[in-house]
Amino acid sequence: MAKAMTLLWGAGSPPCWRVMIALEEKNLQGYNQKLLSFDKMEHKSKEVLDINPRGQLPTFKHGNTIVNDSYAVCFYLESQFKSQGNKLIPDSQEEQALMYQRMFEGLTFYDKLNAVIYYDWFVPEGERHESALNRNKEALTTELKLWEGYLQKLGSGSHVAGPSFTLADVVIFPTVAYLFRFGLSAKRYPKLGEYHNLLKDRPSVKASWPPHWLENPEGQDTLKDI
């Protein structure tokens, strides 16, 4: 089954990590995979563009079916393999509604993180302004406080959409992991720190942990003052 799947991915990409966690959760190990380099612009290669005209990673193929957006892949895997591995969409109407809500809020969360840690990457040197970066940092701080509040309301030991691990955790945990990789203070954001500790040793997360993080576990301090 997994042998009919191919994933083109890049290290250091939360969208790619989302898909890899989902594949692990659905017990779909053994899929074909190829690690591509963003630095070498391999995501813009003909190999990728032939199946993903946006030239982005992840790029996923199952038989003749191509799914390229990370959220779409996660939904696809849960839909196609409902009875396999861990169930990622809860039955409870309330939990399911909260899961969808948090999933799509997670896109805003990820964008606000990127606007700070990759500011120099996204903005050409001549267009960079300290005031703009400071606004991005303020927006990220507001977002972090929002998620602290969500987790506080759910109570200790909760996942982001309730007691169960769901697709919301699949897509949001990589963002949270990046926060702490880039120096976010767990003392300042204890609920996010607790959530990070809750999931960092989950088998699907450990199995898909970014390889360069294992080689260099120190990380960076970009967010230490946020």
Side-chain angles (χ1 to χ4, degrees), residues 13-28 58 60 67-116 138-182 184-186 188-209 223 226:
S13 163
C16 293
W17 197 359
R18 296 167 190 159
V19 173
M20 297 172 88
I21 292 173
L23 285 162
E24 291 290 331
E25 289 288 334
K26 302 311 293 183
N27 287 341
L28 293 166
F60 178 79
V67 194
N68 290 319
D69 178 83
S70 63
Y71 271 50
V73 179
C74 290
F75 279 122
Y76 173 82
L77 292 172
E78 178 61 18
S79 174
Q80 294 298 308
F81 303 99
K82 283 182 182 177
S83 61
Q84 184 167 318
N86 295 316
K87 186 174 184 177
L88 298 176
I89 297 179
D91 290 326
S92 159
Q93 180 179 346
E94 188 174 340
E95 270 191 75
Q96 194 176 116
L98 185 58
M99 181 204 79
Y100 287 124
Q101 177 67 36
R102 294 292 178 261
M103 280 186 76
F104 287 95
E105 282 186 273
L107 291 169
T108 300
F109 194 7
Y110 178 58
D111 285 345
K112 290 185 178 180
L113 170 63
N114 276 347
V116 174
E138 289 170 6
L140 177 58
T141 299
T142 299
E143 189 73 16
L144 288 166
K145 290 177 180 176
L146 197 62
W147 288 88
E148 274 287 296
Y150 291 159
L151 290 166
Q152 176 76 42
K153 186 176 180 180
L154 286 167
S156 184
S158 177
H159 296 83
V160 290
S164 304
F165 182 93
T166 68
L167 279 180
D169 300 288
V170 171
V171 300
I172 289 165
F173 178 79
T175 297
V176 174
Y178 264 72
L179 289 167
F180 291 103
R181 173 73 178 179
F182 280 81
L184 191 75
S185 169
R188 201 171 293 135
Y189 299 98
K191 290 302 174 183
L192 282 164
E194 183 181 313
Y195 174 73
H196 180 254
N197 287 333
L198 176 69
L199 291 189
K200 66 183 177 64
D201 292 323
R202 187 175 177 90
S204 63
V205 171
K206 287 185 75 173
S208 54
W209 200 258
L223 303 178
I226 295 291

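What's counted below: heavy atoms across the whole structure, side chains too, no hydrogens, waters or symmetry copies.
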What is the distance from atom [atom1] of [X] to atom [atom2] of [Y], rounded to the nearest 0.5 Å?
| X | Y | atom1 | atom2 | value |
| --- | --- | --- | --- | --- |
| Leu184 | Ile226 | CG | CD1 | 8.0 Å |
| Leu151 | Lys153 | CG | NZ | 12.5 Å |
| Asp201 | Lys206 | CG | NZ | 5.0 Å |
| Leu28 | Gln80 | CG | CD | 10.5 Å |
| Ser158 | Tyr150 | OG | OH | 13.5 Å |
| Asp69 | Phe60 | CG | CZ | 13.0 Å |

Are the side chains of [Y] and [X] in contact, using a 4.5 Å heavy-atom criterion?
| X | Y | answer |
| --- | --- | --- |
| Trp147 | Ile172 | yes |
| Leu107 | Tyr71 | yes |
| Lys112 | Leu144 | no |
| Leu192 | Glu148 | yes |
| Leu179 | Tyr189 | no |
| Leu223 | Leu140 | yes |
| Val160 | Phe173 | no |
| Thr108 | Asp111 | no |

Might you point out which heavy atoms bring [X] and [Y] nearest each other, and give the distance in Å?
| X | Y | answer |
| --- | --- | --- |
| Ala161 | Glu95 | O-CG, 4.0 Å |
| Met103 | Ala168 | CG-CA, 3.5 Å |
| Asp169 | Ser164 | OD2-O, 3.6 Å |

> ring-ring contact (aromatic ring centres under 6.0 Å, His included) between Tyr178 and Tyr110: does it pass, once the steps are laid out?
Replying inline: CA-CA 9 Å; Tyr178 264 72; Tyr110 178 58; 7.9 Å; no
Show every donor-acceptor pair shorter than 3.5 Å between a side-chain atom in residues 15-22 and any protein atom, with sequence neighbours excluded, or say none if there are none.
unit_1: Trp17; atom_1: NE1; unit_2: Ser208; atom_2: O; d: 3.2
unit_1: Trp17; atom_1: NE1; unit_2: Ser208; atom_2: OG; d: 2.9
unit_1: Arg18; atom_1: NE; unit_2: Val171; atom_2: O; d: 3.3
unit_1: Arg18; atom_1: NH1; unit_2: Ser70; atom_2: OG; d: 2.8

> So His159 and Phe165, would you call those rings parallel, tilted or perpendicular, with 30° and 60° as cut-offs?
Replying inline: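 Ring orientation, 0 to 90° scale: perpendicular.
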> Which pairs, with at least one residue in residues 73-86 and sequence neighbours excluded, count as a salt bridge (charged side-chain N to carboxylate O under 4.0 Å, His left out)?
Replying inline: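 Sorted pair list: Lys26-Glu78.
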> Under the side-chain contact (heavy atoms from CB on, under 4.5 Å) criterion, do Leu98 and Leu154 qualify, and how do the steps go?
Replying inline: CA-CA 11 Å; Leu98 185 58; Leu154 286 167; 4.2 Å; yes
> Using 4.0 Å as the upper bound for N to carboxylate O, is an ion pair formed by Glu194 and Lys191?
Replying inline: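 Looking at Lys191 and Glu194, the cut-off is met.
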> Passes salt bridge (charged side-chain N to carboxylate O under 4.0 Å, His left out), Arg102 versus Glu105? Steps please.
Replying inline: CA-CA 5 Å; Arg102 294 292 178 261; Glu105 282 186 273; 2.6 Å; yes
